[in-house]
Amino acid sequence: MIDRSIMDSCASWSSSSPSSSETLLGLLLRSKLSPRSCGSGEYAHELLRECAARELNAFLWISLIAVTAYLVGKVVRLARLWIGGSRIPGPPSSSFYGHCKLISRGNLVDVLSILHEKYGAVVKLWLGPTQLLVSMKDEGLVKEMLSKAEDKLPIVGRTFQLAFGRSSLFMPCFDKVQKRRELLEAELNKRLHEKAGVVSTKVVDSIMEKMRLLMAKGSVDSNVLSQHMAFTVLGATVFGEAFLGWSEVTAYEELLMSISKDAYFWASYNVTPFWRREFWRYQGMCTKLKYLTQKFVQLCEKNYERCCHLDEKPKIDPTVGSSLAWSPALMPDNLVSKELNSQFNPSEEPFANIMGVMFHGCLTTASLIGDIFLRLASNQELQDQIYSEIVTARRLSQKEDYLHLDEMVLLFATIYESARLLPASPLLQRCSLNADLHLKSGTTIPAGAVIVVPVQLVQMEGLSWKSDSSEFNPHRFLSRAEKGSLSAQLSGAAEDGVSKKSSNVLDDRRNHAAYLPFGYGTRACVGQKFVIHGLATLFASMLEHYKVRLKQGCEGDLKPAHSKRALERLPSLEIVFVKRNI
Ligand code: HEM
């Protein structure tokens, strides 16, 4: 029986409050107290009502306990964050909103640089009453943290989810992405060992063709070409080479690039801004990209089935590029088919991972290609040295379309050094969502704190880079080989200039504690080996036939804008390709 006093108080409440008559509880109580209930023959009805009232009571109690437990948990977490944060050195919070107002996107690295000088290798900064940012600069600590802190900030997951739907890559929680990361990494690394290399001759030819087309105007915008190169390499890897011949490939590229410009902006809203028209325009672009992705995959599947099962020569469909229509086995060798065959999480959308990889891969790879172009264009001596490597490698190559990349140590060093000086993102960010992070030095970072590494500071001020750390010097990644290089041994020309240069060996950049353009540890970039080999192949093929120059008059513009502490991106410039007389 429900306690009488509770019933009485409920009854008086029910009669005094008009809205209570609308609730189930109000209805039940009213009917219990009405004179009709005293009539005979309503025992079963009464029992039912009592049961319902009991259940409702229990439900309310459980809800109350759950909400209280949730709030207590939040308060405990907050208290731990405050206590943990107070033990980390850093400026005291000046207002309720912390230092949030002092910081804009552009000057965060500058602010952190000043704070590190004042407070040491680990610095805290309150960005609000519930947001603690911890920045780390010490090389050893950074690597330890990156190995231990497995989660990412929720905004990363929100960006990808808003644009491409639920996926199992680029999500904050490590457990949710671990399997998919491993699969993708294994698939990408498998290509390193394939004879055709990570970037096939067909892909290189397609890029060279585009470059010649763009050159018809006299010069090429370095950003436009870099973006196209990155998109072509990623597109061919993810969807297969047929993608390059698809009639809608240009629309796909434009759409992806437009989405990438706005993706982080829309994800930065705490409440999705449904009321803004521009947001719906952005969502429209995302939907169109999903539709195009699905359309291409379905075309491939149809084509594949026709070829394999019906044993019929595929017809050329005018809506599809010719290379797609005639390619005999499209599905087995691309990432899409692997992706569709291995859905770990039923709630994820089928193409979300694919579009996520295209998005991240294109943005980061394009920016690295752009930097390399400008480094090469402004350094003719470096280009000549790399060209010597290419000539040696070509001499050693058995087949016309295959170059010994292993011999091109200076080319690899140029890629490493470009990535070091201008990493894709100025901050590496991690967090430990559920547990405090204990570091060997005794520092404890409370769960939920945003942990960042100002990559540019670590890579430019780190002890491992010596005094010329802000200079572009690819030779820092080279050291002399004891016995000479493979090319020197094979050519038997140990005394000439070329073989002396090629007797350099490439340092494993993992030996550098402060090399972080691809991150490090549990959430490090899974595409780094693939992308470095891919870019080496592309640049080797390009530089073998062309010299890269800055357009006349642009030479003076090649100064990266310096903020007080950190380098910003190189500007986009017009470059010119001059054919070599081979
Ligand atoms: C120049 C090109 C690239 C750069 C500079 C780059 C850089 C990065 C960085 C800094 C991270 C975060 C690492 C960390 O937090 O420790 C990352 C993550 C990742 N990268 Fe890349 N990346 C590049 C290209 C690629 C490509 C081509 C692919 C795939 C084809 C790829 C796949 C991934 C994936 C899947 C992650 C997410 C890892 C995770 O959240 O667990 N990346 N990348």
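Both ligands and their constituent atoms are indexed starting at 1 by order of listing.
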Colleague: Quick test of your reading: applying ring-ring contact (aromatic ring centres under 6.0 Å, His included), list the pairs with at least one residue in residues 138-165, sequence neighbours left out, ordered by first then second residue.
Modeller: Phe160-Phe170, Phe160-Phe359, Phe164-Phe359

Colleague: Could you state the interatomic distance from NE2 (His533) to CG (Asn189), rounded to the nearest 0.5 Å?
Modeller: 10.0 Å

Colleague: Classify the side-chain pair Tyr282/Ser258 by whether it contains a donor and acceptor separated by less than 3.5 Å.
Modeller: no

Colleague: Looking at non-hydrogen atoms alone, which of Ile532, Val453, Leu368 comes nearest to atom 1 (C) of ligand 1?
Modeller: Leu368

Colleague: Could you list the atoms of ligand 1 found under 4.0 angstrom from a heavy atom of Leu428?
Modeller: 10 (C), 14 (C), 15 (O)

Colleague: For residues Phe296 and Phe239, establish whether the separation of their ring centroids is below 6.0 Å.
Modeller: yes

Colleague: Tell me whether Lys190 is salt-bridged to Glu187, with the criterion being a basic N under 4.0 Å from an acidic carboxylate O.
Modeller: yes

Colleague: Looking at Arg430 and Glu150, does any basic side-chain N land under 4.0 Å from a carboxylate oxygen?
Modeller: no

Colleague: What do we get for His360 next to ligand 1 when only non-hydrogen atoms under 4.0 Å count, side chain, backbone, both or neither?
Modeller: side chain

Colleague: Can you tell which part of Val357 has a heavy atom less than 4.0 Å from ligand 1: side chain, backbone, both or neither?
Modeller: side chain

Colleague: Report yes if Lys152 has an N/O atom closer than 3.5 Å to an N/O atom of ligand 1; otherwise report no.
Modeller: yes

Colleague: Go through ligand 1 atom by atom and flag the ones less than 4.0 Å from a non-hydrogen atom of Phe170.
Modeller: 34 (C), 35 (C), 36 (C), 37 (C)

Colleague: Look at the rings of Phe577 and Phe373 and say which category their plane angle falls in: under 30° parallel, 30 to 60° tilted, over 60° perpendicular.
Modeller: perpendicular

Colleague: Heavy-atom contacts under 4.0 Å between Leu188 and ligand 1: side chain, backbone, both, or neither?
Modeller: side chain

Colleague: I need the full list of ring-ring contact (aromatic ring centres under 6.0 Å, His included) pairs touching residues 427-454, with sequence neighbours left out, sorted by first then second residue.
Modeller: none

Colleague: Hey, is Arg430 touching ligand 1 through its side chain, its backbone, both or neither, going by heavy atoms under 4.0 Å?
Modeller: side chain

Colleague: Within a distance under 4.0 Å of any heavy atom of Arg181, pick out the atoms of ligand 1 and give their elements.
Modeller: 38 (C), 39 (C), 41 (O)

Colleague: Output yes when Glu144 and Lys148 qualify as a salt bridge under the 4.0 Å nitrogen-oxygen rule, no when they do not.
Modeller: yes

Colleague: With a cut-off of 4.0 Å, which atoms of ligand 1 are near a heavy atom of Ala524?
Modeller: 13 (C), 16 (O)

Colleague: Show me which atoms of ligand 1 lie under 4.0 Å from any heavy atom of Gly519.
Modeller: 10 (C), 13 (C), 14 (C), 16 (O)

Colleague: Of the backbone atoms (N, CA, C, O) and the side-chain heavy atoms from C-beta on, which set of Pro517 has a member under 4.0 Å from an atom of ligand 1: side chain, backbone, both, or neither?
Modeller: backbone

Colleague: For ligand 1, which atoms sit closer than 4.0 Å to a heavy atom of Tyr520?
Modeller: 16 (O)

Colleague: Show which atoms of ligand 1 fall inside a sub-4.0 Å distance from at least one heavy-atom site of Thr365.
Modeller: 1 (C), 2 (C)

